[in-house]
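Here is the structure we will look at, set down as structure tokens.
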2 protein chains.
Amino acid sequence: MKDKLSNLDPKKKINIINSAMEEFCKNTYEKASTNRIVEKAGISKGSLFNYFQNKKSLYNYLKVFSIKEIADAILADVNWEEPDLLERIREITLIKLKIFREYPYLTRFTQRINSDKSIEELKAIFEEYVPNIYEKVYYENIDFSLFREDIEIKEVLNILNWTFEKIGENYFNKIKVDDVIDIEDISNEVSKYIEVLRKGFYK
Amino acid sequence: MKDKLSNLDPKKKINIINSAMEEFCKNTYEKASTNRIVEKAGISKGSLFNYFQNKKSLYNYLKVFSIKEIADAILADVNWEEPDLLERIREITLIKLKIFREYPYLTRFTQRINSDKSIEELKAIFEEYVPNIYEKVYYENIDFSLFREDIEIKEVLNILNWTFEKIGENYFNKIKVDDVIDIEDISNEVSKYIEVLRKGFYK
DNA sequence: TATTAAAATGACCATACTGGTCATTTTAAT
DNA sequence: ATTAAAATGACCAGTATGGTCATTTTAATA
């Protein structure tokens with residue numbers, strides 16, 4: 001019962017989380033305003049400070065929540081028997097997109113905390129909740145013999161990652177509030193890039 | 001003589017520009033503080049509002065300045081006879097890096113104004129100062145027969161771009177204030193990726 | 001329906017910062 | 001010594017800050 005937010009109506013909970021994430025994404029921690037958060041979420045100031053002791057503890061809650069949310073989805077939904085890294089990345093891209101529909105600022109928020117906070121602290125959170133997920137994603141059962149042998153794998157892995165990060169980013173910027181997300185459209189786009197990358201970097 | 005800033009000692013001018021860009025990069029326009037700008041720049045409030053009529057005109061000045069600065073450098077320094085797109089991108093990446101040394105927030109600032117402002121306004125500024133630069137960069141004298149014919153060129157161009165954007169971004173995040181930038185180190189990294197991309201996507 | 005406990009509210013607080021002004025001081029040139 | 005230009009920073013009214021808490025609303029139970 002540590003987490004007062006979880007007793008709430010789920011829609012309300014999601015609403016508060018999204019409002020707070022949006023505010024923390026658009027402002028530095030210091031300048032993110034609890035007034036705007038409650039306004040956006042449609043709750044009273046008193047309630048927010050009933051759910052959370054103070055601004056800092058709200059921020060910390062979001063940090064853990066976002067890391068867990070994304071990692072749990074990956075751990076649960078990825079087909080870990082798939083040996084083709086491109087297929088795995090496809091899966092993860094679409095998983096992130098599904099999360100995006102419920103929490104539009106979650107991916108951005110995780111990037112934010114990655115860039116502005118002490119790496120050590122984040123690593124600790126990650127290790128506590130989802131140990132070794134990076135290694136798991138990139139190496140567990142992956143068949144590297146699918147790749148061309150005359151190309152440095154390290155650079156290729158970065159290019160793959162960056163490409164799908166950018167695809168997601170571009171979609172995020174394109175979408176207006178309350179837009180419907182056309183998953184099929186995105187899937188097709190992702191497939192096009194997978195095909196190109198496969199032709200370029202696979203045997 | 002429209003531009004009061006240009007009468008100043010160049011170092012002072014650069015200092016003010018950098019302080020202001022930093023502030024506008026780290027905050028939304030509304031929350032960017034002129035107090036912090038003058039503090040960072042080491043000038044008085046009165047001076048800033050002597051150089052610029054108000055906050056808005058300072059922001060507009062920076063918009064035009066950043067677009068011109070980066071476009072002028074590209075127009076002047078690129079070897080427009082080079083038919084290899086990867087070599088052209090290499091050149092531009094290094095040009096941007098040179099600018100980065102003098103104006104560490106300039107690239108970020110242009111990304112900022114790209115994402116948060118009305119596209120129309122920006123296009124107008126671009127067209128006024130550097131018409132058709134995009135087309136020039138990607139098409140002027142470029143030999144597309146260097147690319148493999150079995151791969152969609154549109155996706156390849158995006159991948160190339162995104163890759164070098166990300167390389168720059170990562171360097172930017174790695175560098176602390178007052179760090180020396182090791183151009184040779186970066187050049188080597190850029191070369192590695194060029195080699196990988198060439199192997200993947202060229203004939 | 002009356003009682004009660006839990007949940008939600010928002011006016012209120014001292015404090016801090018906002019963009020911008022302008023009378024005064026400093027600097028530099030003559 | 002005189003003057004003009006440049007730089008200063010105390011000051012302004014207005015607004016926003018994180019957080020509190022006495023009061024009201026809601027919902028469950030008797």
Side-chain angles (χ1 to χ4, degrees), chain A residues 1-63 65 105 109 112-113 116-117, chain B residues 1-63 65 105 109 112-113 116-117:
Chain A
M1 194 75 43
K2 257 187 67 190
D3 171 8
K4 286 193 185 171
L5 216 59
S6 296
N7 300 341
L8 265 48
D9 171 57
K11 280 189 186 173
K12 195 171 181 179
K13 177 186 170 186
I14 291 174
N15 201 19
I16 294 169
I17 288 174
N18 283 336
S19 303
M21 278 189 182
E22 180 177 356
E23 181 68 15
F24 283 120
C25 279
K26 292 181 174 171
N27 302 93
T28 58
Y29 172 80
E30 286 77 19
K31 258 168 276 115
S33 154
T34 52
N35 290 332
R36 278 191 298 269
I37 291 173
V38 299
E39 198 181 349
K40 259 178 258 178
I43 62 170
S44 70
K45 198 78 172 289
S47 286
L48 183 69
F49 284 94
N50 178 31
Y51 307 145
F52 299 97
Q53 213 194 340
N54 51 34
K55 189 180 173 183
K56 192 87 212 168
S57 79
L58 163 61
Y59 189 70
N60 288 335
Y61 174 86
L62 293 178
K63 272 203 286 201
F65 177 86
Y105 287 90
F109 184 77
R112 243 287 301 258
I113 58 180
D116 75 358
K117 266 297 173 185
Chain B
M1 194 76 42
K2 256 188 66 192
D3 172 7
K4 287 193 186 172
L5 216 58
S6 296
N7 300 341
L8 266 47
D9 172 58
K11 280 189 186 172
K12 195 171 180 180
K13 177 186 170 186
I14 292 174
N15 201 18
I16 294 169
I17 289 174
N18 283 336
S19 304
M21 278 189 182
E22 180 177 356
E23 182 68 15
F24 283 120
C25 280
K26 292 182 174 170
N27 302 94
T28 59
Y29 173 78
E30 287 76 18
K31 258 167 277 115
S33 155
T34 53
N35 290 332
R36 276 191 299 269
I37 291 173
V38 299
E39 199 181 349
K40 260 179 258 177
I43 62 169
S44 70
K45 197 79 171 289
S47 286
L48 183 69
F49 283 94
N50 179 28
Y51 305 144
F52 300 97
Q53 213 192 342
N54 50 36
K55 187 180 174 183
K56 191 87 212 169
S57 79
L58 163 61
Y59 188 70
N60 288 335
Y61 175 86
L62 293 178
K63 272 204 286 201
F65 176 86
Y105 287 90
F109 184 77
R112 243 288 301 259
I113 59 181
D116 74 0
K117 267 296 174 187

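Naming convention: chains lettered A, B, ... in sequence-line order (proteins, then strands); numbering from 1 in each chain.
Taking the six-membered ring for Trp and thresholds of 30 and 60 degrees, Phe24(A) and Tyr29(A) have nearly parallel ring planes, at less than 30 degrees apart.
The CZ-C1' distance, from Arg36(B) to dC17(C), rounds to 9 Å in whole Å. Residue Asn54(B) contributes atom CG, which lies 9 Å from atom C1' of dG19(C) at whole-angstrom precision. We find that OH of Tyr51(B) is positioned 17 Å from P of dG20(C), with the value rounded to whole Å. Between the C1' atom of dC17(C) and the CD atom of Glu30(A) lies a distance of 14 Å, rounded to the nearest Å.
Counting only heavy atoms from C-beta outward, the side chains of Lys56(B) and Asn60(B) approach each other to under 4.5 Å. Contact of the Tyr61(B) side chain with the Ser57(B) side chain is not registered, since no non-hydrogen atoms from C-beta on lie closer than 4.5 Å. Ile16(B) has its side chain out of reach of Ser19(B): every pair of non-hydrogen atoms, C-beta onward, lies at least 4.5 Å apart. Two residues are said to be in side-chain contact when any heavy atoms from C-beta on lie closer than 4.5 Å; Lys31(A) and Thr28(B) fail this criterion.
First and last contacts of DNA chain D with chain A, using any nucleotide atom under 4.0 Å from a protein heavy atom and ordered 5' to 3', fall at dT17(D) to dC21(D).
For the pair Ala32(A) and Gly46(B), nearest-nucleotide mapping onto DNA chain D gives the more 5' position to Gly46(B).
Judged by atom type and distance alone, Lys45(B) reaches the base of dG19(C) through a side-chain donor-acceptor pair under 3.5 Å.
When heavy atoms are screened at a 4.0 angstrom cut-off, Lys31(A) is found touching no nucleic acid atom at all.
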| task | Mind running side chain to side chain contact (heavy atoms under 4.5 Å, CB included) on Tyr105(A) and Ile17(A) for me, showing each step along the way? | result | CA-CA 9 Å; Tyr105(A) 287 90; Ile17(A) 288 174; over 6 Å; no

